[in-house]
Amino acid sequence: QVQLVESGGGSVQTGGSLRLSCTGSGYAYSSNCVAWFRQAPGKEREGVASILTDSETTNYHHSVKGRFTISQDNAKTTAFLQMDNLKPEDTAMYYCASGGVCNRFSWADQSYFDTWGQGTQVTVSS
């Protein structure tokens, strides 16, 4: 059974940094597409970044480009989201997911992802 477990969330001030981790147990990933999503209170869940585990091709939401970096470890069982220059609007529950389609048109389509973690909270104060 594939499971994804996120860690690394917390509370920081504006301009601070956090590094989220997403580790897959069992079969590492159900596909070679892994992504981070986030959901703020009262808002829909949105895609933040994705990575193709084979080619390491990445996609980013326009609001995080230049501030967030998605990567993976050499064993391809852990994905990371390095978040720098955090803003209050980045406050949300962050989820990792696998099984999606990591092309530039579909990477944020949640319906393609079949395995989700439980989420980790990120809070940015002004």
Side-chain angles (χ1 to χ4, degrees):
Q1 181 180 359
V2 178
Q3 289 185 322
L4 299 176
V5 179
E6 303 99 333
S7 62
S11 297
V12 296
Q13 292 188 328
T14 297
S17 296
L18 285 172
R19 190 192 197 205
L20 306 183
S21 298
C22 170
T23 301
S25 63
Y27 181 74
Y29 294 115
S30 61
S31 79
N32 68 345
C33 177
V34 177
W36 287 94
F37 291 82
R38 66 185 179 187
Q39 187 167 22
K43 295 187 177 181
E44 293 187 353
R45 189 160 55 184
E46 64 180 5
V48 177
S50 72
I51 185 168
L52 262 174
T53 59
D54 289 343
S55 67
E56 299 195 334
T57 301
T58 58
N59 293 286
Y60 293 95
H61 190 275
H62 63 86
S63 68
V64 306
K65 279 185 179 179
R67 300 189 298 122
F68 291 12
T69 304
I70 189 171
S71 62
Q72 63 182 357
D73 68 343
N74 290 335
K76 299 180 182 180
T77 57
T78 300
F80 304 100
L81 186 68
Q82 177 67 40
M83 305 186 296
D84 298 317
N85 191 21
L86 282 160
K87 304 176 181 181
E89 51 264 42
D90 295 318
T91 295
M93 184 71 78
Y94 283 71
Y95 302 89
C96 69
S98 67
V101 178
C102 270
N103 62 51
R104 64 189 181 97
F105 301 107
S106 303
W107 69 271
D109 188 332
Q110 301 173 49
S111 64
Y112 289 117
F113 290 85
D114 56 16
T115 303
W116 292 80
Q118 82 289 348
T120 186
Q121 178 68 37
V122 171
T123 302
V124 185
S125 59
S126 58

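Quick note: numbers below take in every heavy atom, side chains included, and nothing from hydrogens, waters or symmetry partners. Since we're looking at a predicted model, the values are computed, not measured.
Between Gly9 and Thr120, the shortest heavy-atom contact is N-OG1, 3.1 Å. What you find for Leu4 and Cys96 is that their closest heavy atoms are CB-SG, 3.8 Å. Nearest heavy atom pair, residue Asp73 against residue Thr77, reads OD1-N, 3.0 Å. Across Ser17 and Asn85, no two heavy atoms sit closer than the pair OG-N, 4.3 Å. Between Phe37 and Ala108, the shortest heavy-atom contact is CE2-O, 3.5 Å. The two residues Met93 and Gln121 make their nearest non-hydrogen contact at SD-N, 3.5 Å.
The stretch residues 86-96 participates, sequence neighbours left out, in these side chain to side chain donor-acceptor pair (under 3.5 Å) pairs: Arg38-Asp90, Arg38-Tyr94, Arg67-Asp90.
Taking the side chain as every heavy atom from C-beta outward, Leu20 and Glu6 never approach each other to under 4.5 Å. Looking only at side-chain heavy atoms (C-beta outward), Trp36 and Ile70 come within less than 4.5 Å of each other. Phe80 places none of its side-chain heavy atoms less than 4.5 Å from the side chain of Cys22. Between Leu81 and Val48, the closest side-chain pair of non-hydrogen atoms falls below 4.5 Å.
Val64 and Leu52 are assigned to two separate hydrophobic clusters, defined by single-linkage of ILVMFWY side chains at heavy-atom distances under 4.5 Å. Note on Phe68 and Val122: same hydrophobic cluster, where clusters join Ile, Leu, Val, Met, Phe, Trp and Tyr whose side-chain heavy atoms are under 4.5 Å apart, directly or indirectly.
In this structure Ser11 satisfies the side-chain contact (heavy atoms from CB on, under 4.5 Å) test together with Thr123, sequence neighbours excluded. Applying the side-chain hydrogen bond (donor to acceptor under 3.5 Å, both in side chains) criterion to Arg45, with sequence neighbours excluded, gives Gln110.
Between the Ser50 side chain and the Ala35 main chain, no donor and acceptor come within less than 3.5 Å of each other. For Asn59 (side chain) and Cys102 (main-chain N/O), a donor-acceptor pair under 3.5 Å exists by modelled atom type.
Taken to the nearest 0.5 Å, the OG atom of Ser55 stands 7.5 Å off from the CG atom of Asn32.
Checking Gln72 against Glu56 by side-chain atom types alone, a donor-acceptor pair falls below 3.5 Å. In this structure, a donor-acceptor pair under 3.5 Å is absent between the side chains of Thr14 and Ser126.
Separation of the Tyr112 and Trp107 ring centroids does not fall under the 6.0 Å cut-off.
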